[in-house]
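Comments concern the structure below.
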Amino acid sequence: MDTYPLGPENGPLLVRTTRTGLGARAGHDLTIEVTRWHGEAVVDPEDPARSSVSVEVDATSFAVREGTGGVKPLSDADRRDIVRNIREKVLDTARHPVIAFRSSLVEGTAEAFRVEGDLTLAGVTRPVTIDALIADGRVRGSVTITQSRWGVKPYSALFGALRLSDEVGVWFDLALSPGA
């Protein structure tokens with residue numbers, strides 16, 4: 001069994017949003033990086049069911065890395081406004097500063113596997129399933145989160161004509177290096 005510390009030094013943890021509504025042309029599909037997070041993966045290659053993963057995210061550490069689409073490019077002021085809206089209107093990070101994931105089941109092979117567990121977001125805990133694979137010393141995976149399942153109302157503007165889709169993607173590509 002090997003233990004791997006996880007964090008930004010291992011690679012990116014990204015959130016990807018898409019836009020919807022009549023005003024969608026005015027907005028941007030966003031790639032947001034989580035800049036402060038930590039976790040641990042315990043991996044048993046002989047028996048993946050004995051493996052586990054835990055991650056804690058500083059919900060105030062989101063940084064807008066890219067915005068595609070829209071009628072104009074994202075400005076630095078737009079990026080600051082988006083981060084402020086995430087903190088204040090979407091995630092209420094003053095009351096819920098941590099997003100956490102704890103696995104309850106790992107199944108599959110050492111190369112391709114699914115991790116089931118509980119995600120706590122905005123103070124609400126719900127089950128999720130993450131699909132992942134390990135290749136070339138890296139673990140890559142993703143999960144789609146339907147914000148409303150956690151009581152999170154997707155951001156909207158222009159009197160609701162522009163809004164983010166309820167589903168957001170979370171994606172990671174991490175180097176694995178054993179801890180002490």
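Looking only at distances, no side-chain donor or acceptor of Ser103 sits under 3.5 Å from a matching main-chain atom of Glu116. Side chain of Arg16 to main chain of Gly169: no donor-acceptor pair is present (N/O by atom type, distance under 3.5 Å, no hydrogens or angles). Judged purely by atom type and a 3.5 angstrom limit, Ser75 uses its side chain to pair as donor or acceptor with the backbone of Asp78. Between the side chain of Asn85 and the backbone N or O of Ile82, no donor-acceptor pair lies under 3.5 Å. Asn10 contributes a side-chain N or O that, together with a main-chain N or O of Gly7, makes up a donor-acceptor pair within less than 3.5 Å. Although no hydrogens or angles enter the test, the distance criterion places a donor-acceptor pair under 3.5 Å between the side chain of Thr109 and the main chain of Glu111. Side-chain atoms of Thr35 come within 3.5 Å of backbone N or O of Ser61 as a donor-acceptor pair.
At a threshold of 4.5 Å between side-chain heavy atoms, the hydrophobic network of Ile, Leu, Val, Met, Phe, Trp and Tyr places Leu176 and Val115 in one connected group. The hydrophobic cluster containing Val34 also contains Val83, counting ILVMFWY residues as joined when their side-chain heavy atoms lie under 4.5 angstrom apart, directly or transitively. One hydrophobic cluster, built from ILVMFWY side chains closer than 4.5 Å, holds both Val124 and Val168.
Taking each heavy atom of Val143 and Thr129 in turn, the nearest pair found is CG2-O, 3.3 Å. When all heavy atoms are compared, the tightest approach of Pro5 to Ser177 is CD-O, 3.5 Å.
By the salt bridge (Lys or Arg N to Asp or Glu O under 4.0 Å) test, Asp118 pairs with no residue at all, sequence neighbours left out.
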| Step by step, would you call Ile130 with Phe101 a side chain to side chain contact (heavy atoms under 4.5 Å, CB included)? | CA-CA 11 Å; Ile130 301 168; Phe101 174 80; 3.8 Å; yes
| request: Just do the side chain to side chain contact (heavy atoms under 4.5 Å, CB included) check on Val90 and Gln147 with the steps written out, would you? | output: CA-CA 9 Å; Val90 178; Gln147 298 174 81; 3.9 Å; yes
| Does the side chain to side chain contact (heavy atoms under 4.5 Å, CB included) test come out yes or no for Leu13 and Val57, once each step is laid out? | CA-CA 10 Å; Leu13 177 58; Val57 167; 3.9 Å; yes
| field | Chi angles and distances behind the salt bridge (charged side-chain N to carboxylate O under 4.0 Å, His left out) call for Arg102, Glu56 | value | CA-CA 9 Å; Arg102 301 276 180 270; Glu56 287 195 355; 2.8 Å; yes
| Verdict with supporting geometry, Ile86 and Ile32, side chain to side chain contact (heavy atoms under 4.5 Å, CB included) | CA-CA 11 Å; Ile86 291 169; Ile32 301 166; 3.7 Å; yes
| query | Do Arg149 and Asp166 pass the salt bridge (charged side-chain N to carboxylate O under 4.0 Å, His left out) test, and can you show the C-alpha distance, the side-chain angles, and the key distance before you say yes or no? | reply | CA-CA 9 Å; Arg149 284 189 61 218; Asp166 195 11; over 6 Å; no
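With contacts defined as side-chain heavy-atom distances shorter than 4.5 Å, the pair Glu88/Thr93 does not qualify. Contact check for Leu174 versus Tyr4: no side-chain heavy atoms found under the 4.5 Å cut-off. Using a 4.5 Å heavy-atom threshold, the side chains of Leu121 and Leu91 count as touching.
Under 4.0 Å is where a charged nitrogen must lie from a carboxylate oxygen, and between Arg87 and Asp92 no such pair does.
In this structure, the separation between NE2 on His96 and CH2 on Trp150 is 14.5 Å, given to the nearest 0.5 Å. How far CG of Leu133 is from CZ of Arg138: 11.5 Å, rounded to the nearest 0.5 Å. Note that CZ of Arg79 is 15.5 Å distant from CZ of Arg84, once rounded to the nearest 0.5 Å.
Residues Ser165 and Thr18 bring a donor and an acceptor atom of their side chains to less than 3.5 Å of each other.
The only option from Val139, Val55, Leu6, Leu14 that meets the side-chain contact (heavy atoms from CB on, under 4.5 Å) definition with Phe172 turns out to be Val139.
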